[in-house]
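To keep things clear, I will list the structure first and then write my remarks on it.
By convention in this document, chain letters (A, B, ...) are assigned in the order of the sequence lines, proteins followed by strands, and residues within each chain are numbered from 1. Computation of the quantities below employed the complete heavy-atom set of this structure, encompassing side-chain atoms and omitting hydrogens, waters and symmetry-equivalent molecules. If you're wondering where the values come from, they're calculated on a predicted model, not measured in any experiment.
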2 protein chains.
Amino acid sequence: MNTRKVSIKDIAKICGVSVSTVSRVINNNGRFSEETRQRVVKAIKKYNYKTNTAAKTLRMQKSNAIGILVPDLANSFFSNLVENLEKNFFIKGYSTMICDTGRDKDRELTYLKMLEAKVVDGLIVISGSRKYNPDIIDPKIPVICIDRSSDSPNVTYIGSNHEQGARMATAKLIEAGTTPILLCSSNQKISSTKDRIRGYQIEMKSQHLSDNDCKIVAIKSHKSNIDQRGIEIRSILRNMLNEQNLPIGIFAISDTIAAEVTVAAHELELNIPRDLKVIGFDDAPIAKYCYPQLTTIRQNTQEIVDKTSTLLLQMIQGDNSIRQNREIIDVDLIERGTV
Amino acid sequence: MNTRKVSIKDIAKICGVSVSTVSRVINNNGRFSEETRQRVVKAIKKYNYKTNTAAKTLRMQKSNAIGILVPDLANSFFSNLVENLEKNFFIKGYSTMICDTGRDKDRELTYLKMLEAKVVDGLIVISGSRKYNPDIIDPKIPVICIDRSSDSPNVTYIGSNHEQGARMATAKLIEAGTTPILLCSSNQKISSTKDRIRGYQIEMKSQHLSDNDCKIVAIKSHKSNIDQRGIEIRSILRNMLNEQNLPIGIFAISDTIAAEVTVAAHELELNIPRDLKVIGFDDAPIAKYCYPQLTTIRQNTQEIVDKTSTLLLQMIQGDNSIRQNREIIDVDLIERGTV
DNA sequence: GTGAAAGCGCTAACAG
DNA sequence: CTGTTAGCGCTTTCAC
């Protein structure tokens, strides 16, 4: 019952030709007669032959696979990114190895090693809390970081203009007459978060608002503990109600937090946007199901994805000129019901 | 500048031993002196040696990789499933190849072939519109289907008790005094959807309700076209308002649709749960951000994931007794604000 | 306790 | 146009 998988050798025997000839027709590389071609193709179909990728990779020192390190697939922005990256690479004949690091340092390291051992042709690293420093990884394999900085000179950076987005949101809130404005952040120290905070500060300053008008608070509880976060946010809201006049203005660092703000507002019987105005970030799917629907900053996922795949493919093809690039993608303000 | 990656041969040379000895040390397999062990381990660290997976896979006819076919990573239920599967397999030393088929038949086929060519040790197929029929795939590789039926005798099925969930939702709505009850479905013919529809029908019948009390409608527009879906749902709601008294009862086949029902209700100025009661399915993240928060049926993702990984690993280890299994996982009614 | 050698399935250089 | 052959990096008998 040990039907070993059919190999190129078997096909060769069946067709009465050599393995090299079979290889030639498979890869359409070199010369062979039309007649043998047909015979080989037929046998391949009949015996359901499939190239053994491991063997091919070993021989070619090229896997036609690219690795993707993602911090959290449950985050819709990331899963969207990954899904579309996957689609682009698939079209180009590349398979993708998606690795969810759970924002864990050790898992990231393990995955990095695993991917290198698998001879990936390229690497995409999405977000993450520290800089990406690929000491462990062969410097010859091209890598692109999305929303993650790196000290390494041959790593390309691609990311949204988070600073611009934060300025747009802040300006909108100021224009709507809500000062002071609370920036409600998470406590993750990822680079996009830092950029957004900076954008907020720059915009406040450029509109000549005092330091008293800037308030930044970081949600401490983890997003998996949604009840705890709700409690935390309600308490923040209550404090604001005590200290200032309506309407309250909040710039939330993400749509998740913005959504939680809307829920807390309902519980405190605050009317949005009359009593409280809030803007999120990302245009996550939840934005449209909040009540009212969230005003938010949309990242241009498709452009990020397209730039990333085009560039990485070029780098894999050996075009070294483009390394050390930095691409910043514009964002848009989506006006809905919370301002 | 061609620093070829360091191989087992290089390590052997450096340590003044043979490749077989190095291999023995690496895999802790066979005998070697403590002294050589230390030398080898040191060299491996110093030269940052990493096993070439392709070579190992080729030699061992085993990849320590498992393939996952998922219809849509942007769906939170699926991404959750995948994320947790990944975590489990990672712990056991298996890497996962996540393939998003976009519910496309051809892409699914291509991926299936690709995965087999990669010598995956096992396969997980999640949902999908047709039955899973693995003619193309080597029958020796173990496969588990989640929420997807198959005619093949050596495919294991694992899935939630969708029928039970639908009955619970329907019963709850009846108990809350809303008849007739509208079942608001998508137009995807996946097996879990069918089970839920059947559960609704069975429960209606068992409560001696007439055919007039059963109304099933399928949303036609694709979920990517969210505006169109909104229009469709509002028109459905308006029809119901014309034909029956308040409160209206809706069992939505998914939380996405339930969420859209809440949005449409706000636009029509219907109060939930006073004028309209709705129950969703899945307990997706959006459920908690709707207003009011969605009452829904929760699938036990963790149990599905654990059962799947345990079983697949057993099958990979050669335990054939468990093939052709069928595991049905209980679901829970989560009561929140929409009933 | 260690080494030599075969071979996993494939491609490409070379020879004819 | 086609066959022979070496070798990618690894594990595993079989000798010693």
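- Within the 4.0 angstrom heavy-atom criterion, only backbone atoms of the sugar-phosphate kind lie near B:Thr21; the bases stay farther away.
- Side-chain nitrogen and oxygen atoms of A:Lys56 include at least one within less than 4.0 Å of the OP1 or OP2 phosphate oxygen of C:dT11.
- Base contact: A:Ser20 has a heavy atom under 4.0 Å from a base atom.
- Protein atom CD of B:Glu116 is 15 Å distant from nucleotide atom C1' of C:dG9, rounded to whole Å.
- In this structure, the nucleotide among D:dT4, C:dG9, D:dT12 sitting nearest to the side chain of B:Asn29 is D:dT12.
- Counting only N and O atoms by type, the side chains of A:Ser18 and A:Ser20 include a donor and acceptor under 3.5 Å apart.
- Nearest to the side-chain atoms of A:Ile8 among the listed nucleotides D:dT2, D:dG9, C:dT11 stands C:dT11.
- Taking atom NZ on B:Lys9 and atom P on D:dC10, their separation rounds to 10 Å, with Å as the unit.
- The phosphate of C:dG9 has neither OP1 nor OP2 within less than 4.0 Å of any side-chain N or O from A:Thr51.
- For the OP1/OP2 pair of D:dT11 and a distance below 4.0 Å, the side-chain nitrogens and oxygens of B:Asn27 include at least one atom meeting the criterion.
- The side chain of A:Thr36 has D:dT2 as its nearest neighbour among D:dT12, D:dT2, C:dC10.
- Dashed line: the shortest gap from a side-chain N or O of B:Ser18 to OP1 or OP2 of C:dG3 is under 4.0 Å.
- Per the geometry, NZ belonging to A:Lys5 stands 21 Å off P belonging to C:dG7, to the nearest Å.
- One side chain, B:Asn84 or B:Asn80, offers a donor N or O that lies under 3.5 Å from an acceptor on the other.
- You'll find that the side chain of B:Phe32 is closest to C:dT2, out of C:dT2, C:dG3, D:dG9.
- Listed candidates were D:dG9, C:dT11, C:dG1. Nearest to the side chain of A:Arg59 is C:dT11.
- Between B:Ser23 and the phosphate of D:dT11, there is a side-chain N or O to OP1/OP2 separation shorter than 4.0 Å.
- Side-chain atoms of B:Lys56 and B:Asn27 form a donor-acceptor pair, as typed in the model, at a separation below 3.5 Å.
- A salt bridge is absent between B:Lys87 and B:Glu83: the closest approach of a Lys/Arg side-chain nitrogen to an acidic carboxylate oxygen does not fall below 4.0 angstrom.
- Mapped onto DNA chain D by nearest heavy atom, A:Val19 and A:Gly30 fall at different nucleotides, with A:Gly30 at the one closer to the 5' end.
- Within a 6.0 Å sphere centred on NZ of A:Lys13, heavy atoms belonging to other residues, nucleotides or ligands number 12 at most.
- One atom, CZ of A:Arg24, and another, P of D:dT4, lie 11 Å apart when rounded to the nearest Å.
- Using a 4.0 Å heavy-atom distance criterion, A:Thr57 is classed as making no nucleic acid contact.
- The separation between B:Leu58 atom CG and C:dC8 atom C1' is 4 Å, rounded to whole Å.
- OP1 and OP2 of D:dT11 both lie 4.0 Å or more from every side-chain N or O belonging to B:Gln61.
- Toward the 5' end of DNA chain C, the nearer of the two residues B:Met60 and A:Val22, judged by each one's closest nucleotide, is B:Met60.
- Between A:Glu34 and A:Arg37, at least one side-chain nitrogen of the basic residue sits less than 4.0 Å from a carboxylate oxygen of the acidic one, meeting the salt-bridge criterion.
- At a cut-off of 3.5 angstrom, the base of C:dG1 holds no donor-acceptor pair with the side chain of B:Arg37.
- When rounded to the nearest whole Å, the span between NZ of A:Lys118 and P of D:dC8 equals 22 Å.
- B:Arg31 has a side-chain polar atom (N or O) that falls below the 4.0 Å cut-off from OP1 or OP2 of C:dG1.
- One atom, CG of A:Asn64, and another, C1' of C:dC10, lie 14 Å apart when rounded to the nearest Å.
- Computed from coordinates, the A:Asn52 CG to D:dC10 C1' distance equals 14 Å when rounded to whole Å.
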